Number of protein chains: 2
Amino acid sequence: MLQASADIDTSETLTERQKAVLDAALRLLVEEGDHLTMTAVARRASCSKETLYKWFGDRDGLLTATVQWQASKVRVAPVDRKGLDLASLTASLERFASDWLKVISSDTSIALNRVAVGHAGPVKRKDGKDDLGAIVLENGRFALARRLKPVLEAGRQAGLLQFSDAEAAFRTFFGLVARDVQIRLLLGDRLELTDAAIGGDAARATQQFLALHGAKTGPQGL
Amino acid sequence: MLQASADIDTSETLTERQKAVLDAALRLLVEEGDHLTMTAVARRASCSKETLYKWFGDRDGLLTATVQWQASKVRVAPVDRKGLDLASLTASLERFASDWLKVISSDTSIALNRVAVGHAGPVKRKDGKDDLGAIVLENGRFALARRLKPVLEAGRQAGLLQFSDAEAAFRTFFGLVARDVQIRLLLGDRLELTDAAIGGDAARATQQFLALHGAKTGPQGL
DNA sequence: ACAGAACCGTAACGTACGGTACGCTTTGGC
DNA sequence: GCCAAAGCGTACCGTACGTTACGGTTCTGT
């Protein structure tokens with residue numbers, strides 16, 4: 001159990017073949033959940049189990065590599081910070097909301113979050129082994145915060161937003177956008193999220209956020 | 001695999017002994033997560049595995065019974081619908097928020113949600129077997145909605161609240177209260193929630209909700 | 001008091017799966 | 001063209017655990 005963990009710098013030390021294998025694992029994860037077996041991955045990827053072990057160390061290593069691989073594919077472009085007015089700020093927020101809803105309702109995200117949650121239990125983490133929960137959190141909720149906060153700050157600088165704590169403001173936005181969607185999906189609730197519904201939710205969440213933290217007409221939340 | 005499933009009417013067909021066994025299973029679930037083994041439950045509960053199988057059918061039956069047993073213990077008293085003014089409505093909402101935050105941050109809830117999420121995957125549900133995710137959802141998020149909506153409706157009747165769709169209003173409240181807390185906890189993020197912090201969050205969420213849906217001074221959300 | 005049911009503790013069985021070993025084929029450098 | 005490295009496919013091993021079986025003990029009804 002060694003080489004595959006470039007730990008901090010996520011990926012790109014991966015062969016094309018290795019990426020293909022991880023894609024196979026990812027597909028299998030979506031189809032079968034944590035039920036995923038080494039033999040199944042090997043068969044699906046048309047590689048030998050020995051190779052899997054040589055590349056990823058053990059089952060956990062494969063899972064970790066898979067999650068990181070998917071994470072590395074998600075990197076979205078940062079928002080352009082041009083002339084900021086209410087319209088563009090609103091558009092940006094709606095964009096974030098809509099993107100986030102699409103992510104958390106995707107099969108892949110659901111599958112990944114499921115395994116990560118399953119592995120986050122009070123199990124004895126061997127050494128300081130990077131656990132899946134932390135990775136998912138880092139590339140999900142925290143990555144979103146890192147990308148959104150600058151926008152919020154810019155909005156405040158431009159006198160469009162009002163808040164004392166960017167983190168708190170972000171969490172409010174997060175709550176308004178996600179609401180009960182993620183937990184319901186993770187618990188297996190069928191929840192049809194059409195593009196139209198997502199667009200509507202994004203707009204609603206954005207309006208609510210502006211109502212709470214907008215500079216004009218704003219009642220001071222918190 | 002048969003008798004233990006009273007399916008719709010949750011519990012109370014349970015022996016004291018059986019409740020004790022389920023409590024043991026519950027404790028073990030909190031300690032070990034889904035790693036839970038039949039042998040471990042039998043040993044912890046000082047009963048034989050044969051008895052476990054006779055009572056609960058199989059491992060899934062035991063898990064289901066455990067989740068239902070815990071759910072049956074949570075039943076909270078409905079709020080008194082006396083003279084409703086802004087103060088008492090605010091107090092009720094804060095109470096709900098605070099209770100909910102306490103629930104979702106409790107070890108028991110986290111453990112239960114973890115197993116339920118783990119079992120909610122694309123696994124072939126045998127027959128129409130009640131799955132854990134549905135049970136948790138039903139006794140968690142949906143139970144909360146059932147208890148909160150009458151309060152919201154009463155608030156609207158009293159002219160204190162303003163909304164067109166009680167379900168949507170509930171979900172907004174839910175989002176403002178829970179934000180990223182549950183997913184972070186499920187993913188293993190250490191997140192200290194002191195009573196003070198919970199109280200503060202409950203008050204903040206309530207104020208934000210009132211800002212969005214309060215009748216006076218209210219900017220129209222949605 | 002006694003028969004039978006319920007139950008405890010433990011041993012035994014079967015299987016699924018993580019991990020390893022090995023023989024054969026392909027590939028890339030010389 | 002040759003050889004070693006990399007990789008495929010498969011067989012194999014050990015173990016953990018769900019499930020069943022069974023002998024002994026306690027409880028219950030008559």
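None of the values given here were measured: they were computed from a predicted structure. Each chain gets a letter, A, B and so on, in the order the sequences are listed, and its residues count up from 1.
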Are L148(B) and W100(B) packed together at the side-chain level, in the sense that at least one heavy-atom pair is separated by less than 4.5 angstrom? no
Under the 3.5 angstrom rule, does the side chain of S106(B) hit a backbone N or O of S109(B) as a donor-acceptor pair? yes
Spacing of CG belonging to L93(A) relative to CG belonging to L152(A), to within rounding of 0.5 Å: 6.5 Å
When you check the side-chain N and O atoms of Q208(B) and T172(A), is any donor under 3.5 Å from an acceptor? yes
Taking R59(B) for the side chain and L36(B) for the main chain, is one N or O donor matched with an acceptor at less than 3.5 Å? yes
Once rounded to the nearest 0.5 Å, what's the spacing between atom CZ of R141(B) and atom CZ of F170(B)? 4.5 Å
Using a 4.0 Å heavy-atom cut-off across all strands, classify L62(A) as base, sugar-phosphate, or nothing. nothing
Give every pair of a protein N or O atom and an N or O atom of nucleotides 7-16 of chain C that lie under 3.5 Å apart, one pair per line with the distance.
{"unit_1": "dC8(C)", "atom_1": "OP1", "unit_2": "R17(B)", "atom_2": "NE", "d": "3.2"}
{"unit_1": "dC8(C)", "atom_1": "OP1", "unit_2": "R17(B)", "atom_2": "NH2", "d": "2.9"}
{"unit_1": "dC8(C)", "atom_1": "OP2", "unit_2": "S48(B)", "atom_2": "N", "d": "3.4"}
{"unit_1": "dC8(C)", "atom_1": "OP2", "unit_2": "T51(B)", "atom_2": "OG1", "d": "2.8"}
{"unit_1": "dC8(C)", "atom_1": "N4", "unit_2": "E50(B)", "atom_2": "OE1", "d": "3.3"}

Salt bridge (Lys or Arg N to Asp or Glu O under 4.0 Å) between E31(A) and R44(A), worked out: CA-CA 12 Å; E31(A) 293 171 22; R44(A) 176 70 73 98; 2.8 Å; yes
Of all nucleotides in DNA chain D that come within under 4.0 Å of a heavy atom of chain B, which is furthest toward the 5' end and which toward the 3' end? dC17(D) to dC22(D)
Could you tell me how far apart D60(A) (CG) and dG18(C) (P) are, to the nearest whole angstrom? 11 Å
Would you classify L36(A) as touching base, sugar-phosphate or nothing, given that sugar-phosphate means primed atoms plus P, OP1 and OP2, and contacts are heavy atoms under 4.0 Å? sugar-phosphate
Kindly assign one of parallel, tilted or perpendicular to the pair F163(B) and H213(B), based on the angle between their ring planes and the thresholds 30° and 60°. perpendicular
Gap between atoms CG and P, on L52(A) and dT20(C) respectively (whole Å): 12 Å
